[in-house]
Amino acid sequence: MTSVTLKGIEGREITVQTGLFINNEYVTATNGATLEVENPSTATRLATVAAAQSEDIDRAVQSSEKAFGSWKKVDPTVRRDLLNKLADLIERDAPIIASLEALESGMLYRNCLASNIPVATGNLRYFAGWADKIDGLSLPIPQGVAYTRREPIGVCAAIVPWNTSMIFFWKLSVAIAAGNTLIMKTSEQTPLWGQKVAELIKEAGFPPGVINILTGFGNIAGQALSEHPRIRKIAFTGSTATGRKIMQAAARTNLKKVTLELGGKGPTIIFDDANFDNAVFWATLGITHSNAQLCLAGSRIYVQDTIYEKFLVEFSKRSRDAVHGDPLLADTTKGAVSSKAHLDKILSYVERGKADGLRLLHGGNKLSGDGYYVANTAFADVDQSHAIMREEIFGPVAGIAPFKTEEEAIEKANDSEYGLNAAVFTNNVNRAMRVSNAIEAGTVTVNSWGRPNANTPFGGVKQSGFGRDSGHEALESWLVTKTIKYAVLE
Ligand code: NDP
């Protein structure tokens, strides 16, 4: 199978295998099908990788089934040690993985290194710790005794998006700790770091077929996974539209378990009793970090009317500081967005805001260069009914509005079909509790934003989906309970 050599951080040469990773080998896709990977920072071709076809999904499922036969019987400490070993190898090769992610996604190298890698290794180590602590209950029954066993589901799949490698590890670490075998489909836009991780999976010593990693198109490989009659669970992160298709496919075929994480339209609520500088810092980061191509982005900002105009000035000052360009360079503070199609989508919202006469605070344009750069943009005084307050733009476009009372802030925050992540800024502990209790979201942060932890569950309510990544709760969704009943004979 072929490989590609790219230049990463400090000109370091990085060779990546381009085949499908099945049974710990890289193989070509059926009929030699391939897909092209682009560098969004330069709008040039980066690599060509295999594109899995439905026959390849069958191959991967066969490999996964065969592996599950023995994997389910290994001592849990083996799973623990392998996950820890993989975390060690990822730490060793962090500059390589972070370089690949920066090249194919446009995300800043230093963010890949400082945010994504620790989340990856944190989740691997956290769930490694759980692998040998999965236990059941002993239950008294009239005829004798019953006990429960928490067993793996079997052959599972995960479909992950392009916006951050964290999501891949959120799903892999827990699926494997629970004793399942896993087929992972990476995004067609960002397959390269996953190809490198596949090498490390083999080096760590995972038996062939325990983790298969497939590159491919969503509407071919993703759909074939969703419809496959012998895959028993599918975990997905991505758009609401695709989440619906996956659920429909599961319902049409074998009723595989489904968990969905479908993005958000996160409210950031700032009260006038908050630490102002802290609130401005996090509110800005929440809508500019990674160009806000994050499901937890704080894209609706509600500020108490008494500090509203002051906030707009400081927020705007801080948001303009970006130096855009090569994500591998230390001076760059803003990378490209993921693709031309995505740039156009973001700009279409910006144009809509302008056409509707919204108050443009800053930005509102494409930035210079061949790559897909868009200025940090903010509109003030945005009505709740506007698309900028309702739809997930997945780009650095903030909608800002004032509120008077706590009740109004809560009402506006909850006026959304999304419910993934919210941030509240106040120094009043009672208010912090009242508001965080009242907000309809899977996660609420107080006086901060983002910062996922391996031990805290992450996922949505309403149309942000269901199921959780990270934390003990995630483990539950990768296990099934079996009850065994003993009748005691007299
Ligand atoms: P998608 O939902 O299309 O992509 C996510 C993953 O699903 C990718 O691996 C994709 O493959 C795969 N996929 C696509 N179609 C199917 C299908 N029919 N069956 C199974 N899998 C499929 O998101 P986009 O990349 O198109 O982004 C569109 C919007 O979605 C963004 O602008 C944002 O609003 C939202 N989004 C939310 C994310 C989140 O974190 N919740 C992450 C990414 C996007 P392929 O890469 O080949 O398309």
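Both ligands and their constituent atoms are indexed starting at 1 by order of listing. The chain is numbered in sequence order, starting from 1. Predicted, not measured: the structure shown is a model, and the values here were computed from it.
- For K66, there are no salt bridge (charged side-chain N to carboxylate O under 4.0 Å, His left out) partners, not counting sequence neighbours.
- Between W193 and F168, the ring-plane angle classifies as perpendicular under the 30° and 60° cut-offs.
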Pairs under 3.5 angstrom, nitrogen or oxygen on both sides, ligand 1 versus protein: list them out, please.
unit_1   : atom_1 : unit_2 : atom_2 : d
ligand 1 : 2 (O)  : S239   : N      : 2.8
ligand 1 : 2 (O)  : S239   : OG     : 2.7
ligand 1 : 2 (O)  : T242   : OG1    : 3.0
ligand 1 : 3 (O)  : T242   : OG1    : 3.2
ligand 1 : 9 (O)  : V160   : O      : 2.8
ligand 1 : 9 (O)  : K185   : NZ     : 3.2
ligand 1 : 11 (O) : K185   : NZ     : 3.1
ligand 1 : 11 (O) : G218   : N      : 3.4
ligand 1 : 25 (O) : W162   : NE1    : 2.6
ligand 1 : 32 (O) : K345   : NZ     : 2.6
ligand 1 : 34 (O) : K345   : NZ     : 3.4
ligand 1 : 34 (O) : E392   : OE1    : 2.8
ligand 1 : 41 (N) : G238   : O      : 3.3
ligand 1 : 41 (N) : E261   : OE1    : 3.3
ligand 1 : 41 (N) : G263   : N      : 3.0
ligand 1 : 46 (O) : S187   : OG     : 3.0
ligand 1 : 46 (O) : E188   : N      : 2.9
ligand 1 : 47 (O) : E188   : OE1    : 2.5
ligand 1 : 47 (O) : G218   : N      : 2.7
ligand 1 : 48 (O) : E188   : OE1    : 3.2

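- Under the salt bridge (charged side-chain N to carboxylate O under 4.0 Å, His left out) criterion, E411 pairs with no residue, sequence neighbours left out.
- The list of salt bridge (charged side-chain N to carboxylate O under 4.0 Å, His left out) pairs with a residue in residues 375-387, not counting sequence neighbours, reads R359-D381.
- The distance between the ring centers of F236 and W170 does not fall below 6.0 angstrom.
- A distance of 6.0 Å or more separates the ring centres of W282 and F425.
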